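Here's the structure we're looking at; comments come further down.
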There are 2 protein chains.
Amino acid sequence: MTSVEEPARPGERIRDAARTRAEILDVATQEFARAGYDGARVDEIAARTRTTKRMIYYYFGGKEQLFTAVLERAYGVIREAEQQLDVDHLDPVAAIRRLAELTFDHHEQHPDFIRLVSIENIHEAHHIAASEKLGKIGSPALDVIRRILASGQESGLFTADVDAVDLHAMISSFCFFRVSNRHTFGALFGRDLLDRAQRAHYRAMLGDMVIAYLTAERTAD
Amino acid sequence: MTSVEEPARPGERIRDAARTRAEILDVATQEFARAGYDGARVDEIAARTRTTKRMIYYYFGGKEQLFTAVLERAYGVIREAEQQLDVDHLDPVAAIRRLAELTFDHHEQHPDFIRLVSIENIHEAHHIAASEKLGKIGSPALDVIRRILASGQESGLFTADVDAVDLHAMISSFCFFRVSNRHTFGALFGRDLLDRAQRAHYRAMLGDMVIAYLTAERTAD
DNA sequence: TAGCTAACGTACTGGTTCGTACATTAGTGA
DNA sequence: TCACTAATGTACGAACCAGTACGTTAGCTA
């Protein structure tokens with residue numbers, strides 16, 4: 001999530017709007033993810049930047065809009081990752097497993113994103129609603145799921161009654177929970193869901209779960 | 001979650017420590033769930049109570065301890081529900097489905113609980129760690145899962161390699177996500193996971209998923 | 001090179017918010 | 001019934017914090 005890491009060489013150009021903006025976004029992402037929307041401090045974000053609080057208001061308008069901008073960029077990152085996904089050459093079972101693993105990996109590698117989404121849910125997605133970028137554009141993962149499901153159902157490999165959005169919710173819930181609820185789950189059950197030694201186990205468990213669901217014969221509905 | 005609803009009859013005993021304490025807890029639960037830990041206002045909690053802010057500090061010591069007390073009671077409620085569960089007379093498949101449905105129902109009926117847990121995760125479970133009540137005591141649901149799994153695996157109905165805590169995580173993740181991520185999911189995919197018309201569908205989906213996973217033959221691990 | 005504007009910094013304010021010092025009263029036990 | 005303590009209320013303070021008024025400068029353009 002860090003797109004700015006220039007070491008502030010002396011003599012370098014002092015004024016750089018793009019860099020300043022990006023640096024604010026980077027630090028704001030960390031601060032909002034760390035402390036939540038209300039817990040985050042605009043002064044703290046400014047202090048960890050090479051610029052001042054004034055610039056936050058100059059570029060983003062206010063704390064709310066800054067958080068919205070942070071969300072927009074965070075969602076953009078996962079959309080890009082999903083767009084990279086190419087599973088057209090795989091059979092439906094392998095393709096779904098691959099897609100699930102991509103979600104698994106991305107969520108694990110971006111805990112800040114998970115925290116931001118949790119925070120946004122506490123605020124009932126008001127910032128997403130206020131954003132023009134978010135909301136309109138769908139998820140590339142959904143398109144992929146639709147294609148795989150159609151192919152798998154056509155060939156008779158998959159049960160017919162599964163909806164793409166539902167399957168996306170199923171995969172996301174497992175991957176999301178593992179990161180979002182890591183701390184309470186660990187405190188209550190004494191197991192760290194992000195333990196490196198268990199990573200492969202949970203990754204396989206997700207794939208097994210999804211494939212089992214897709215290939216099982218239903219009792220009733 | 002409301003344990004106090006006395007209509008403040010005139011002439012009633014004015015001083016009632018237990019009632020005052022409980023009323024503060026009720027209102028605090030709502031306020032913390034509504035706005036998050038940092039978003040919640042102690043003054044607002046006091047204002048919605050028949051007592052004053054002074055009493056919050058008198059009974060709980062401070063905002064942190066109040067939040068911890070709120071968490072303790074919220075977790076107590078779900079533990080009680082789990083203890084009511086009696087599935088010993090059911091076959092393993094029906095028993096697991098029943099357990100999953102209980103979790104599904106409880107999460108749906110207690111969105112405030114879900115929000116509190118999300119908030120506590122943002123704060124890395126520090127309040128659970130600070131609590132003496134929480135942490136020590138395990139979950140009744142886990143004991144039930146252990147018994148059902150053992151029975152199902154012994155009879156050969158279930159795959160052998162499933163762990164109770166893992167299965168609990170799987171069930172919880174689906175039920176939790178449906179409530180916790182309702183708003184962002186709805187905003188991004190245009191589907192309300194808590195839509196009443198879809199309730200039976202998702203409830204069956206959860207059971208199908210868990211049973212499919214438990215009864216499927218594994219490819220590899 | 002003069003001037004213009006985007007980019008930036010300083011210093012402050014007004015409102016908010018957690019927490020408490022101090023005063024008071026209800027109810028209980030001796 | 002008298003005193004003592006648990007329970008309660010009032011009023012206030014000190015720190016914090018989002019946002020801004022005002023002033024300055026870098027660097028581009030004509």
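Below, read A as the first sequence line, B as the second, and so on, with proteins coming before strands; counting in each chain starts at 1. Note that the coordinates shown come from a computational prediction; the quantities given were computed from them, not determined experimentally.
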Roughly how many Å is it from [atom1] in [X] to [atom2] in [N], rounded to a whole number?
X: A:Arg41; N: D:dC16; atom1: CZ; atom2: C1'; value: 8 Å
X: A:Arg50; N: C:dG9; atom1: CZ; atom2: P; value: 11 Å
X: B:Phe60; N: D:dT8; atom1: CZ; atom2: P; value: 12 Å
X: B:Ile56; N: C:dT17; atom1: CD1; atom2: P; value: 14 Å
X: A:Asp43; N: C:dT13; atom1: CG; atom2: P; value: 16 Å
X: B:Tyr59; N: D:dA6; atom1: OH; atom2: C1'; value: 8 Å
X: A:Arg21; N: C:dC8; atom1: CZ; atom2: C1'; value: 16 Å
X: B:Met55; N: C:dT20; atom1: CE; atom2: P; value: 13 Å

Report task. Under the side-chain hydrogen bond (donor to acceptor under 3.5 Å, both in side chains) rule, what do A:Thr184 and B:Glu120 come out as? Steps first, then yes or no, please. Result -> CA-CA 7 Å; A:Thr184 55; B:Glu120 176 65 354; over 6 Å; no

Tell me which nucleotide among [options] gets nearest to the side chain of [X].
X: B:Thr52; options: D:dT10, D:dG19, C:dG9; value: D:dT10
X: A:Tyr58; options: D:dG9, C:dT20, C:dA7; value: C:dA7
X: B:Lys63; options: D:dA18, C:dC22, C:dG19; value: C:dG19
X: B:Arg54; options: D:dA18, C:dC18, C:dC22; value: C:dC22

Requested in this report: Give a yes/no answer on whether the side chain of A:Thr51 brings an N or O atom under 4.0 Å of OP1 or OP2 in C:dA7.
Outcome: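 Indeed not, no polar side-chain atom of A:Thr51 lies that close.
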
Report task. Look at B:Thr20 and D:dT8 and indicate whether a side-chain polar atom (N or O) is within less than 4.0 Å of OP1 or OP2. Result ->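 Answer yes for this pair, as a side-chain N or O of B:Thr20 is under 4.0 Å from OP1 or OP2.
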
Query raised in the report: Hey, does A:Ala46 reach any base, or is it just sugar-phosphate, or nothing, if we go heavy atoms under 4.0 Å?
Result: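 No contact at all - A:Ala46 keeps every heavy atom at 4.0 Å or more from the nucleic acid.
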
State yes or no: are the ring centers of [X] and [Y] separated by less than 6.0 Å?
X: A:Phe177; Y: B:Phe177; result: no
X: A:Phe32; Y: A:Tyr37; result: yes
X: A:Phe174; Y: B:Phe174; result: no

Query raised in the report: Roughly how far, to the nearest 0.5 Å, is CZ of B:Phe60 from CZ of B:Arg21?
Result: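 Answer rounded to 0.5 Å: 4.0 Å.
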
Query raised in the report: Does a distance-only test, which skips hydrogens and angles, find a donor-acceptor pair under 3.5 Å between the side chain of A:Lys53 and the base of C:dG9?
Result: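 No pair found.
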
